[in-house]
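Worksheet for the structure shown next.
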Amino acid sequence: MKAIVIDEYGSADRLHEAELEVPKIEADEVLVKIAATSINPIDWKARLGMLKPMFDWAFPIVLGWDLSGTITEVGKDVKSFRVGDEVFARPDIYKDGKRGTYAEFAAVKEDKLALKPENVSFEEAAAIPLAGLTAWQVIVDRLKVKKGEKVLIQAGAGGVGIFAIQIAKYLGAYVATTASPKNNELLKKLGADEVIDYHTLSVANVLKDYDAVFDTVDQIDEGLSTLKPAGRLVSIAGQPTEKQQSVTQSVSTWWLQPNGEELSRLGELVARGIVRVVVDSVFDLTTSGLQEAHQRSESHHVQGKIIIKA
């Protein structure tokens, strides 16, 4: 199969096309012919070698952790899916580093899969798993946001932030977020009640007595300054210091846990129009397409998700 790989850590020009074997599935896995994948910051961080302390993969490495596509093979223990099903998923990160989604096919465990709603395109579905599940698990599972609470979501125009704003509004929260002025109109349409220009204002000087903070940019102190004494903060970008953990507020970190059941619930919200998928740009699954997509993601000027069409 065709795949886009790296043979060494470094800049985006390290990405190139290679021919690899189609993954062999286990009894609890399915094989998916990939229709689309998407770019997340973890992709280029992995390409730079920043994940090596956690995942010491052997080259060549296939990056990518989002997919949508059609099942072409089913393991003998799989009960809920069959060949021909259109699905989407955030697959596991495999130890061999060869099973990313910058490829024609990927193996996915049954419990990580969700059926793609008919009225959601493959491109939209590929944008949901990593960013959407991260937002869902922090807002719903970790922060346990409730109706009427005040929530700050840092960097609302990013892939995770866009989903988090909409999920928090769906739960009935008052939502503040930080963004560049050019993103104000979009974020307010998505449900943000207050958009703060982080270039000119500090949330510490604007927001007080908030119930919850979702830190996506490693600004834990700034987030804590907005919270009530019993408020909650979850970071996906920073590691709280001992001092930050000694405050009266709850402070913790979170790393996404792939979950097909939660992904299915999120897909239903997208299908019903409650949560909107925002696509920044679309590239092809080619060497040049992936290189351009990585460079765009690294620019930090992305509004929504970058999609890769297979």
Next on the checklist: Keeping S297 on the side-chain end and H294 on the backbone end, is there a donor-acceptor pair under 3.5 Å?
Outcome noted: no
Checklist outcome for this item: All heavy atoms of I307 vs all of A36, minimum pair found to be CG2-CB, 4.4 Å
Next on the checklist: I'd like to know if the side chain of Q249 reaches the main chain of R232, judged simply by a donor and an acceptor atom lying under 3.5 Å from each other, with no hydrogens or angles considered.
Outcome noted: no
Checklist entry - Do you see a donor-acceptor pair shorter than 3.5 Å between the side chains of Q154 and T216? => result no
Checklist entry - With side chains defined as the heavy atoms from C-beta onward, is the minimum distance between Q244 and D221 less than 4.5 Å? => result yes
Checklist entry - Any side-chain heavy atom of Q219 within less than 4.5 Å of one from T178? => result no
Next on the checklist: Looking at every heavy atom in both I236 and W254, which two are closest together, and how far apart are they?
Outcome noted: CG2-O, 3.6 Å
Checklist entry - Without hydrogens or angle criteria, can the side chains of Q137 and Q257 be said to hold a donor-acceptor pair below 3.5 Å? => result no
Checklist entry - Is the shortest distance from a Lys or Arg side-chain nitrogen in R296 or E292 to a carboxylate oxygen in the other one below 4.0 Å? => result no
Item to check | Shortest non-hydrogen contact from A3 toward V62 | outcome: CB-CG2, 4.5 Å
Item to check | Within 6.0 angstrom of K95 NZ, more than 12 heavy atoms from elsewhere | outcome: no
Checklist entry - Which of parallel (below 30°), tilted (30 to 60°) and perpendicular (above 60°) describes W255 and F55? => result tilted
Checklist entry - Does a sphere of radius 6.0 Å around NZ in K52 hold more than 12 heavy atoms from other residues, nucleotides or ligands, not counting ones at 6.0 Å or beyond? => result no
Checklist entry - Can S38 and K305 be said to form a side-chain hydrogen bond (donor to acceptor under 3.5 Å, both in side chains), step by step? => result CA-CA 7 Å; S38 79; K305 292 303 302 291; 2.9 Å; yes
Next on the checklist: What I want to check is whether the side chains of D13 and Q291 have a donor and an acceptor closer together than 3.5 Å.
Outcome noted: no
Checklist entry - Who are the side chain to side chain donor-acceptor pair (under 3.5 Å) partners of E298, not counting sequence neighbours? => result R47
Item to check | Which atom of K24 lies closest to which atom of E29, heavy atoms considered | outcome: O-OE1, 4.1 Å
